[in-house]
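Along the sequence shown, residues carry numbers from 1. Remember, it's 1-based here, ligands and their atoms both numbered in the order they're listed.
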Amino acid sequence: MNKTLVTAGLLFLSLISLPAQAGKTLDSIRQRGEVICGVNEALVGFSVADAKGEWHGIDVDVCRAIAAATLGDARKVRWVPLNKMQLFPALQSGEVDILSHNVTWTMTRDAAMGMHFTSIVFYDGQGFMVARKSGIQSLRDLENTDICVQSGTTTEKNLSDYFRARKMKFRSVVFANFEASIKAFLSGRCQSYTTDATSLLSLIQRASRTPGDYVVLPELISKEPLSPAVRRGDDEWFAIVKWVINALITAEEEGITQANVEQQKVHGSASAQRLLGHQEDTGKLIGLDREWAARAIAAVGNYGEVFDRNLGAGSPLNLPRGLNRLWRDGGLLYAPPIR
Ligand SMILES: N[C@@H](CCC(=O)N[C@@H](CS)C(=O)NCC(=O)O)C(=O)O
């Protein structure tokens, strides 16, 4: 074989087995000792601060898991609550390391707004909330009504697409933030309020003293895959966020829980032992140490535990898993193999 080819081959082999370099985002996270996480200001189940200033929610737990994986401590997160207007600029300008916010992954946002979506943590769809006593049963009944909606969202466009396709007339009443839109809806300004279906349930919990007076109609009119996003230009950081989320999903597949992670490290399946760093060091592939995933799982639990605590049976929302079940249980969650 030609000598240059052999040298090129050897060089290639040595490159692929090199430990990944820490990217610039991870470097600055290590220097400052904190992950800066941009979250929704107040959305029960996704991100909300309690009376003691402790943050809770699925988006919050994603950031905690990342802090545990990268810094060894799930508490090392600085929370930056962001409204819809501040959201994308905060990531683009470097004010936050990650957006873990109820943001829908769309092509425009992913391809043309300086960011990459990482991995879907919640599959939602756009729904409509009405007052129970209105007697409105389905979207057909919304013809010629006023619909409250927030600007700058995927919601606005889906709404007009859906009604136009069915030649149904409606009047949209547009607000710049969700406080204003839900207030207007509760005051009777609109017959319905539309946004992601889960957010509707979440918002009404806080906005009304009698949330049971409102219902979400059965039809969902869009796909709203919610995913954390990172700034473009740092592949290493992108990989870390993506694989931490994959690790939480894989942990559920493998039956690894917050409580049994230590035991699974030694006694779990080959995949579990690999994930937890017992058999192999997958951390070096993403610039971390071998315990990265074990720490993330120990901090927040597997995906199912995160879901239950924040959105499911263990939470006031008590949502069914629905599309957010693992693929093998009929849902859409499917993590690529960690190996
Ligand atoms: N997922 C959709 C809709 C998201 C959305 O409208 N969220 C609202 C209602 S929960 C929100 O977070 N508003 C925050 C704000 O107005 O500051 C999107 O990404 O456009």
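- The protein atom (non-hydrogen) at minimum distance from atom 6 (O) of ligand 1 is Thr153 CG2, 3.0 Å.
- Here is the list of ligand 1 atoms found below 4.0 Å of a heavy atom in Val103: 19 (O).
- In this structure, Lys84 places its NZ atom where more than 12 heavy-atom neighbours from other residues, nucleotides or ligands lie under 6.0 Å away.
- Taking a 6.0 Å sphere around CZ of Arg339, one finds it holds 12 or fewer heavy atoms contributed by other residues, nucleotides or ligands.
- Below 3.5 Å of separation, one finds no N or O of Asn83 facing any N or O of ligand 1.
- Among all protein heavy atoms, the one lying closest to atom 4 (C) of ligand 1 is Lys84 NZ, 3.2 Å.
- In the displayed structure, Arg171 atom CZ is contacted under 6.0 Å by more than 12 heavy atoms of other residues, nucleotides or ligands.
- Side-chain contact check for Glu224 and Ser222: at least one donor-acceptor pair (N or O, by modelled atom type) lies under 3.5 Å.
- Interface atoms of ligand 1 facing Thr155, defined by a heavy-atom separation under 4.0 Å, are 3 (C).
- Using modelled atom types and a 3.5 Å distance limit, the side chains of Glu236 and Thr25 yield no donor-acceptor pair.
- Scanning all protein heavy atoms for the shortest distance to atom 15 (C) of ligand 1 gives Phe178 CD2, 3.0 Å.
- Here the protein heavy atom with the shortest distance to atom 16 (O) of ligand 1 is Gln150 NE2, 2.6 Å.
- The distance criterion of under 3.5 Å between nitrogen or oxygen atoms is not met by His101 with respect to ligand 1.
- Close contacts of ligand 1 with Ser199, meaning ligand atoms under 4.0 Å from a residue heavy atom, involve 10 (S).
- Using a 4.0 Å cut-off between charged side-chain N and carboxylate O, Asp213 and Lys133 make no salt bridge.
- Neither the backbone nor the side chain of Asp124 has any atom closer than 4.0 Å to an atom of ligand 1 (non-hydrogen atoms only).
- For ligand 1, the atoms lying closer than 4.0 Å to a non-hydrogen atom of Glu41 are 17 (O).
- Scanning all protein heavy atoms for the shortest distance to atom 12 (O) of ligand 1 gives Asn40 ND2, 2.9 Å.
- If you look at Gln126 next to ligand 1, there are no close heavy atoms at all, none under 4.0 Å.
- The closest approach between any non-hydrogen atom of Leu226 and ligand 1 is below 4.0 Å.
- Short contacts between ligand 1 and Arg109, defined as distances under 4.0 Å to a heavy atom of the residue, involve ligand atoms 18 (C), 19 (O), 20 (O).
- A donor-acceptor pair shorter than 3.5 Å can be found between the side chains of Ser269 and Glu254.
- Between the side chains of Asn102 and Asn40, at least one donor N or O sits under 3.5 Å from an acceptor N or O.
- Every atom of ligand 1 is numbered from 1 in the order shown, and the set under 4.0 Å from a heavy atom of Asn177 is 16 (O).
- Counting heavy atoms closer than 4.0 Å to ligand 1, residue Asp196 contributes side-chain atoms (C-beta onward) but none from N, CA, C or O.
- Side-chain contact annotation: Asp50 with His56, donor-acceptor N/O pair under 3.5 Å present.
- For the ring-ring contact (aromatic ring centres under 6.0 Å, His included) with Trp327, the qualifying choice from Tyr303, Tyr334, Tyr123 is Tyr334, the only one to do so.
- Aromatic ring pairs are classed by plane angle as parallel below 30°, tilted from 30° to 60° and perpendicular above 60°; the pair Phe238 and His116 is parallel.
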